[in-house]
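Here the structure is laid out as structure tokens; the discussion comes afterwards.
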Amino acid sequence: RRVTVKGRSEVEVPADRISWAITTVETGNDLQQVYANATAKIDKVYKFLAGNGIHDGDIIVGTPNVTDNEADRWSADRIPYRYKIKTVVTVNSAEVDRVRGLISRQGELLREGVAIIGNDYTNPISYDFVSFQEMKPKMMEEAIANAKLTAKQFAKNSGSSLGKIVSADQGQFSINSKDENNPQIKKLRVVTTITYQLKH
């Protein structure tokens, strides 16, 4: 006779990595001037980040994306400008709180003439928990212990005693945001399935 039980372990942890993409757009009809203005904006963004303690290695300046509207034969709309340059500066840092503080202060860039595109679905702010591997052994231990408690209770209720483990999986791990309002808090979860022998 056997019994198969599930054990789980859950824990909430703060994210230990953040990625913030700062997108700016410059438009106009003179390509050289548009490029110069776009470069000036990027310089201001870089100075804002570096001046507030973001390390150079955590700042990635993307290649400018240039659009020539006159080259778009399929566009039927009348565009008031010919060129558009879109540039993305990405902050990828382990200093989550520092970067979150700068996100709330991005209005300072607006005062310097740098408008950041909001709700850029192609480059959303993302949070990660990269220390996950360090927590796996402890969580697995807790999940197995919980499974054993359930199995012991089942054995007791059935007038049996718990025998050895017949089979066990490695557990299914998942990492999700706590909720849509708290993406900086991660919920770690593991569920393991174990089959025990029952002795009468």
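Starting from 1, each residue takes its place in the sequence as its number.
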Q: Please answer: with hydrophobic residues joined when any side-chain heavy atoms are less than 4.5 Å apart, are Ile42 and Val66 in the same cluster?
A: no

Q) With no hydrogens and no angle check, is any side-chain donor or acceptor of Thr4 less than 3.5 Å from a backbone partner on Thr195? A) no

Q: For residues Ser160 and Lys199, determine if any side-chain heavy atom of one lies less than 4.5 Å from a side-chain heavy atom of the other.
A: no

Q | Trace of the side chain to side chain contact (heavy atoms under 4.5 Å, CB included) decision for Val13 with Met135 | A | CA-CA 11 Å; Val13 294; Met135 299 189 66; 4.1 Å; yes

Q. Does a side-chain heavy-atom distance below 4.5 Å link Ile22 with Val114?
A. no

**Q.** Expected output: side-chain Asn176 to main-chain Lys187 donor-acceptor under 3.5 Å
**A.** no

Q) Going hydrophobic residue to hydrophobic residue with side-chain gaps under 4.5 angstrom, can you get from Met140 over to Leu149? A) no

Q | Summary of ring pair (Phe, Tyr, Trp, His ring centres under 6.0 Å) pairs that have at least one residue in residues 91-115, sequence neighbours excluded | A | none

**Q.** Closest non-hydrogen atom pair, Ala15 against Tyr127
**A.** CB-CB, 3.7 Å

Q) Is it true that a side-chain atom of Asn182 and a backbone atom of Gln184 form a donor plus acceptor pair closer than 3.5 Å? A) no

Q.
A side-chain contact here means heavy atoms from C-beta on lying under 4.5 Å apart; do Val99 and Asp58 qualify?
A. no

Q.
For Val25, is there any backbone N or O sitting under 3.5 Å from a side-chain donor or acceptor partner on Lys41?
A. yes

Q. Nearest 0.5 Å, what's the OG1-NZ distance between Thr27 and Lys86?
A. 14.0 Å

Q) Would you say Glu112 and Phe48 make side-chain contact, with heavy atoms under 4.5 Å? A) no

Q. Within a radius of less than 6.0 Å around CD of Glu108, do more than 12 heavy atoms belonging to other residues, nucleotides or ligands occur?
A. yes

**Q.** Which atom of Ser177 lies closest to which atom of Lys186, heavy atoms considered
**A.** OG-NZ, 3.0 Å

Q) Do Val91 and Leu102 come within less than 4.5 Å of each other through their side chains, counting heavy atoms only? A) no

Q) Minimum heavy-atom separation for Val45 to Leu109, with atom names? A) CA-CD2, 4.1 Å

Q) Heavy-atom distance under 4.5 Å between the side chains of Tyr83 and Asp68, does that happen here? A) yes

Q. Just wondering, do Leu188 and Phe173 contact through their side chains at under 4.5 Å, heavy atoms?
A. no

Q. Between Asn37 and Gln33, is a side chain to side chain contact (heavy atoms under 4.5 Å, CB included) present by the stated rule, with each step listed?
A. CA-CA 6 Å; Asn37 292 344; Gln33 186 60 52; 2.9 Å; yes

Q | CZ-CD distance between Arg189 and Glu10, expressed to the nearest 0.5 angstrom | A | 5.0 Å

Q) What about Ile60 and Ile125, same hydrophobic cluster or not, with Ile/Leu/Val/Met/Phe/Trp/Tyr joined at side-chain heavy-atom distances under 4.5 Å? A) no

Q: Measure the shortest side-chain to side-chain distance between Leu162 and Leu198 over non-hydrogen atoms and say whether it is less than 4.5 angstrom.
A: yes

Q) With sequence neighbours left out, which residue pairs that include part of residues 130-139 fulfil the side chain to side chain donor-acceptor pair (under 3.5 Å) condition? A) Asp16-Ser131

**Q.** Transitive ILVMFWY side-chain link Val3 to Val191, under 4.5 Å
**A.** no

Q: Measure the spacing between CH2 of Trp20 and CG of Leu49 and express it to the nearest 0.5 Å.
A: 6.0 Å

Q. Measuring from Ile194:CD1 to Ile165:CD1, what's the distance to the nearest 0.5 Å?
A. 5.0 Å

Q. Can you name the nearest heavy-atom pair linking Thr87 to Gly62, along with the distance?
A. CG2-O, 3.8 Å

(Q) Hydrogens and angles aside, do Ser19 and Asn92 bring a side-chain donor and acceptor to less than 3.5 Å of each other? (A) no

Q) Heavy-atom count around Tyr35 OH within 6.0 Å, excluding the residue itself: above 12? A) no

**Q.** Flag, side chain of Asp128 to backbone of Val130, donor-acceptor distance under 3.5 Å
**A.** no

(Q) Could you report the tightest heavy-atom contact between Arg82 and Asn29, atom names first, then the distance? (A) N-OD1, 2.7 Å

Q. Does the gap between the ring centers of Phe154 and Tyr196 come in under 6.0 Å?
A. no

Q. What is the distance from atom OG of Ser161 to atom NZ of Lys152, rounded to the nearest 0.5 Å?
A. 11.0 Å

**Q.** Interatomic spacing from CZ in Arg98 to CG in Asn52 - rounded to 0.5 Å
**A.** 8.0 Å

**Q.** Heavy atoms from other residues, nucleotides or ligands near CZ of Arg2 exceed 12 (cutoff 6.0 Å)
**A.** no

Q | Residue Lys44 excluded, over 12 heavy atoms near NZ under 6.0 Å | A | yes

Q | Nearest atoms (heavy-atom pairs only) where Ile185 meets Pro14 | A | CD1-CA, 4.2 Å

Q) Same cluster for Ile175 and Val11 if Ile/Leu/Val/Met/Phe/Trp/Tyr side chains link at under 4.5 Å? A) yes

Q | Residues, nucleotides or ligands: over 12 heavy atoms within 6.0 Å of Arg8 CZ | A | no

Q | Other residues, nucleotides, ligands: >12 heavy atoms within 6.0 Å of Gln172 CD | A | no

